[in-house]
Each structure stands twice: as C-alpha cells, then as structure tokens.
S.K.: 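Here it is, the structure in full.
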Amino acid sequence: MFFDLKHTDVNSKARAGVLNTDHGSIETPIFMPVGTQGTVKALSPRDLKEVNASIILGNTYHLYMRPGHRLIEKMGGLHRFMGWDRAILTDSGGFQVFSLKELRKIDDEGILFQSHLDGSYHKFTPQLVLEIQRSLGSDIMMVLDECPPYPSTRDYALKSNQLTIDWARQAREIFSGWQPLYGHRQWLFAIVQGGTFKDIREQSARALMELDFPGYAIGGLAVGEPKDEMFDITDFCTEILPEQKPRYLMGVGMPDDILEAIERGVDMFDCVIPTRNARNGTVFTTEGKMVLKSARFKEDTKPVDANCQCYTCKNFSRAYLRHLYNANEILGLTLATIHNVHFYLWLVRQARKAILQDNYVSWKERILQKITRVVE
Ligand SMILES: CO[C@@H]1O[C@H](CNc2nc3cc4c(=O)[nH]c(N)nc4cc3[nH]2)[C@H]2OC(C)(C)O[C@@H]12
C-alpha cells in the first residue's frame, strides 16, 4: 500500500500516516526540503540524513534546463547522481516556468517558454514532463498543470482548470502503462487547481478523483493570496479529496502555516523558506524567529536553540554564527540550514505525536504561542 492512513485526530482533520516508497517509508505529516537543482542548498546528503530528512523535492524545470534529464539518465538517475538514496518528489515544472520567466505561450498542447539560462525555446507537454521525471527517477512525480496567477478572474480560472484536467487525463493515460527506468516504482500525483473559486475547486478535485491518482496536491496557493483564503481553500479541498490518499499542499510554508494546514487535513509540505531564510541569517527556534546577524547576539554564548538537538545547536554559539554571517563564511550557511531544516522536521514529527495522542489542536495552540514570537 503506497499510503497507510494510521490515525486521524478525534478533534480535528489532522492525520498521521505512512508513505511507502522504494526509497524508504515516510511518516506523515512530512516536510520536504527543497533541492531544486539536485541539492538542498548548503547541505550534503549526509547532513540531510543527520537531520532525518526522509524525502526531498527536486524541480523538473531546473534539472531539464541544467544539466539535462538525458545526462542525469546516463549517470543512473537523480538518486545516484546526487548521492541520495531516500525518496525524491519532483515538481513538474509548470509553476517554475510561471514564477521564473514571463510566460511565453500556453495552448492546449502545453507551455512554450524560453530558458532562463540561454533564451532557447522549449515546450513542456504532459508527455515531456513525465519523460523527464522518468529519466530523473523521482519516487513521486507531479502532472503538468497550470498554476493561475493570483488574483485570477473566474473565467480565467475556469479555462485554466479545464486545461489542467485535460493534461492530467493525458498523464494518467501514460502512467497506466508506466515502465519505470531504474527498477524502483514511481507514483504520480494530480494537482487540484481552481484559484479561490470553491465551485471550480470542487470541479477540479472531482474530475481528478475520477482519474484515480495515488495522491493529490493542492496547487494554486501560496502565490500571494491572503492566508485566510489559503486555509479556507485548503480546508474545502480536503473535505472532497479521498481520505485514504495523501494530500500535498504545494509551496507551504512558514512553520505556523504548516501547523494550520495539518489541522485541515494536509499530509505533505515543501517550501524554500527554511533553507532560503537560513542563508539570509534568519533561523526558527522553539522560542520564536531569530535574526542571527543582529548585534544583540555579538557575545551571546547560548546555542541558537537550547531545546534543539541538531549539530549546530549542540556545537556552536549564536555569537559564532553571527560572526560567520558577518564574515561571509560558507560554514554559516551550512550551520543555519542544518538547524532550520532540523527544526521543520522536528516540528512535523511533534505534530504527528500529538495527532496520535488525539491532542493535536491543544498542542498546536501551545506551540504557536512560542514559535511565532521574535527572539530579541
Ligand atoms: C513565487 O512565489 C514563491 O513560491 C513559493 C511557494 N508557493 C508555491 N505555490 C505553488 C503552486 C504550485 C502549483 O500550483 N503547481 C505546481 N506544479 N507547483 C506549485 C508550486 C508552488 N509553490 C512561495 O514561497 C515563498 C514565500 C518562498 O515564495 C513564494
């Protein structure tokens, strides 16, 4: 069984489950560190194992552009190429094209765009993005979809949704006769769209459920809409999506966003925030967010987080990390990233424990009081 739903908290929609892939089992709720170009920036696979990452995210668009999926295929697939033998989920590229480059042209066949590297023209089709993900060998693949901009008119969301459903149908066809390249199974997730229009969201979810995918992502969110709309649409979608299939909220988010979405029935998350913020000197702790570069930490001998068991917190002081940032030392990026990714993974593991004890909501309220502070 690809996904085992172990328990649903009696007081909410929060769930604890297990995703079974050929690159290991993944306890949900889970956070997936983003490794866009075949590396989680500033971390080695050894670091990722030390913080107990069980699945990371890669990007079809970026790896197709550089070094190319054919080269990665020649190197034995993405797992071998990057030295990561646990699970990989790859996003399909549609979103990256929209967010990286002004869109060239979208039509029924797919998305025509220019490379952000050399300006060459390419066309992503449902078939091509699956071929790329087959070459990469990702354990979980995403269909090609269109993520409508926020805000979108109702008319745009309707038209875009029809396209996403057509592309998902084509992908499902291809997947039904699927022959993986490296011997390990690959799973295909659909992506629910529909902007912030609940009737279109329902249309999207039901059409995709008819096609019977192993998992469902909620797309089109975390693109600038107000938080309450993001949570409202998420809550609405999880009411409709199959209970026995994993739900993946794409691109989310801040620690508190993840806890709110878990309460609304989401199992999987990815976001660049823990890794990107670490590189900018902002770390998340059990006492709140901390800007390590600030002068107040100049002689602070305490660890980043006294409650944290990560390599960074067990071996280095805030003063040392602040020095590394000020001196532009690469080690600063690595140590802060180790801590932030460890924090996100620790947070979802704690959430899972609370769900299994049926006290997720009270646990969430308590921990939110602390992690949403700013450490002065
Ligand atoms: C461009 O703004 C950044 O994007 C980040 C995550 N937001 C997000 N929404 C997504 C939606 C989709 C989707 O509908 N389809 C597919 N295939 N992939 C998706 C990936 C997504 N990622 C935000 O996170 C920060 C805040 C770092 O910057 C924002």
Side-chain angles (χ1 to χ4, degrees), residues 31-36 40-41 56-64 89-103 106 110-111 113 116 124-126 128-130 132-133 136 138 140-152 156-157 160-161 163-165 167-168 171 188-197 200-201 204-205 208 213 215-227 229-231 233-234 237 241 247-258 261 266 268-280 282 284 289 337 340-341 344:
F31 177 78
M32 302 180 281
V34 174
T36 298
V40 175
K41 292 183 179 3
I56 62 167
L57 190 123
N59 263 311
T60 297
Y61 169 80
H62 292 84
L63 292 167
Y64 167 77
L89 179 149
T90 44
D91 195 356
S92 51
F95 179 78
Q96 283 70 38
V97 168
F98 296 138
S99 57
L100 259 188
K101 190 95 184 114
E102 123 244 311
L103 181 65
I106 185 165
I111 307 169
F113 62 93
H116 72 292
F124 271 172
T125 62
L128 176 57
V129 300
L130 274 186
I132 297 167
Q133 295 176 85
L136 298 177
S138 14
I140 299 175
M141 307 179 287
M142 306 306 290
V143 297
L144 181 69
D145 64 323
E146 189 202 349
C147 173
Y150 178 82
S152 280
Y156 187 95
S160 163
N161 192 40
L163 205 48
T164 291
I165 292 168
W167 290 350
L188 179 65
F189 280 22
I191 305 175
V192 177
Q193 292 292 354
T196 51
F197 304 98
I200 308 176
R201 284 279 174 179
S204 174
L208 296 173
F213 284 87
Y216 294 86
I218 301 171
L221 296 175
V223 287
E225 76 284 357
K227 286 282 173 77
E229 278 192 54
M230 178 171 82
F231 296 134
I233 292 295
T234 299
C237 290
L241 290 170
R247 294 86 174 261
Y248 164 26
L249 180 54
M250 305 188 88
V252 173
M254 288 293 281
D256 47 322
D257 300 335
I258 289 176
V266 175
M268 301 165 70
F269 300 89
D270 86 276
C271 189
V272 295
I273 285 178
T275 40
R276 186 182 289 177
N277 283 28
R279 297 197 302 278
N280 302 328
T282 299
F284 298 95
K289 207 165 81 166
T337 305
N340 273 358
V341 173
Y344 265 65

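All ligand and atom numbering here is 1-based and tracks the order in the structure.
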S.K.: Side chain or backbone of M142 under 4.0 Å from ligand 1, or both, or neither, by non-hydrogen atoms?
M.R.: neither

S.K.: Just jot down the ligand 1 atoms closer than 4.0 angstrom to any heavy atom of V272, in number order.
M.R.: 27 (C)

S.K.: I want to confirm something. Looking only at heavy atoms, which of D91, N59, L249 is nearest to atom 16 (C) of ligand 1?
M.R.: D91

S.K.: Would you confirm whether N59, through its side chain, and T36, through its main-chain N or O, come within 3.5 Å as a donor-acceptor pair?
M.R.: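 Here the side-chain-to-backbone pair does not exist.
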
S.K.: Mark up the atoms of ligand 1 that fall under 4.0 Å of a heavy atom belonging to C147, in ascending order.
M.R.: 13 (C), 14 (O)

S.K.: If the plane angle is over 60° it's perpendicular, under 30° parallel, otherwise tilted; pick one for Y61 and F124.
M.R.: perpendicular

S.K.: Using a strict cut-off of 4.0 Å, indicate which atoms of ligand 1 neighbour a heavy atom of G220.
M.R.: 11 (C), 13 (C), 14 (O)

S.K.: Can you check whether I200's main-chain N or O pairs, donor with acceptor, with S204's side chain at less than 3.5 Å?
M.R.: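 Side chain of S204 to backbone of I200, a donor-acceptor pair under 3.5 Å: no, none is there.
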
S.K.: Is atom 10 (C) of ligand 1 touching the protein, meaning some protein heavy atom lies under 4.0 Å away?
M.R.: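 Under 4.0 Å from atom 10 (C) of ligand 1, at least one protein heavy atom found.
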
S.K.: Which option, C271, A222, A217, G253, owns the non-hydrogen atom nearest atom 7 (N) of ligand 1?
M.R.: A222

S.K.: Please answer whether the main-chain N or O of T282 pairs with a side-chain N or O of N340 as donor and acceptor at a distance below 3.5 Å.
M.R.: yes

S.K.: Does either side chain, that of T164 or that of Q193, offer a donor lying less than 3.5 Å from an acceptor on the other one?
M.R.: no

S.K.: Looking at the rings of Y344 and F269, which for Trp means the six-membered one, are their centres under 6.0 Å apart?
M.R.: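 Not close enough - the centres of the two rings lie 6.0 Å or further apart.
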
S.K.: Spell out, as yes or no, whether a donor-acceptor pair under 3.5 Å connects the side chain of Q133 to the backbone of S92.
M.R.: no

S.K.: Specify the closest pair of heavy atoms between I218 and C237, including all atoms of both residues, with the distance to one decimal.
M.R.: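 Minimum heavy-atom contact is CD1-CB, 3.8 Å.
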
S.K.: Hey, which atoms in ligand 1 end up nearer than 4.0 Å to a heavy atom of I191?
M.R.: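 Answer, ordered by atom number: 17 (N).
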
S.K.: Numbering the atoms of ligand 1 from 1, which are under 4.0 Å from a heavy atom of G219?
M.R.: 13 (C), 14 (O)

S.K.: Between the candidates Y150, Y248, Y61, F95, which shows the shortest non-hydrogen contact distance to atom 8 (C) of ligand 1?
M.R.: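 Nearest heavy atom to atom 8 (C) of ligand 1 lies in F95.
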
S.K.: For S92, counting its heavy atoms only, list the atoms of ligand 1 lying under 4.0 Å from any of them.
M.R.: 17 (N)

S.K.: Among all protein heavy atoms in this structure, tell me which lies nearest to atom 26 (C) of ligand 1, with the distance rounded to 0.1 Å.
M.R.: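 Ranked first by proximity to atom 26 (C) of ligand 1 is I273 CD1, 4.2 Å.
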
S.K.: Could you tell me whether the side chain of S138 and the main chain of M141 form a donor-acceptor pair under 3.5 Å?
M.R.: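 Absent.
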
S.K.: What atoms in ligand 1 come closer than 4.0 Å to a heavy atom of R276?
M.R.: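 Under 4.0 Å from R276, ligand 1 has these atoms: 27 (C).
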
S.K.: To the nearest 0.5 Å, tell me how far Q96 CD sits from T60 OG1.
M.R.: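 Going from the CD atom of Q96 to the OG1 atom of T60 covers 7.5 Å.
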
S.K.: Within a distance under 4.0 Å of any heavy atom of D145, pick out the atoms of ligand 1 and give their elements.
M.R.: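 Heavy-atom distances to D145 below 4.0 Å select 13 (C), 14 (O), 15 (N), 16 (C), 17 (N).
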
S.K.: Quick one: does Q96 get within less than 4.0 Å of ligand 1, heavy atoms only?
M.R.: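 It does not, in that no heavy atom of Q96 comes within the 4.0 Å cut-off of ligand 1.
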
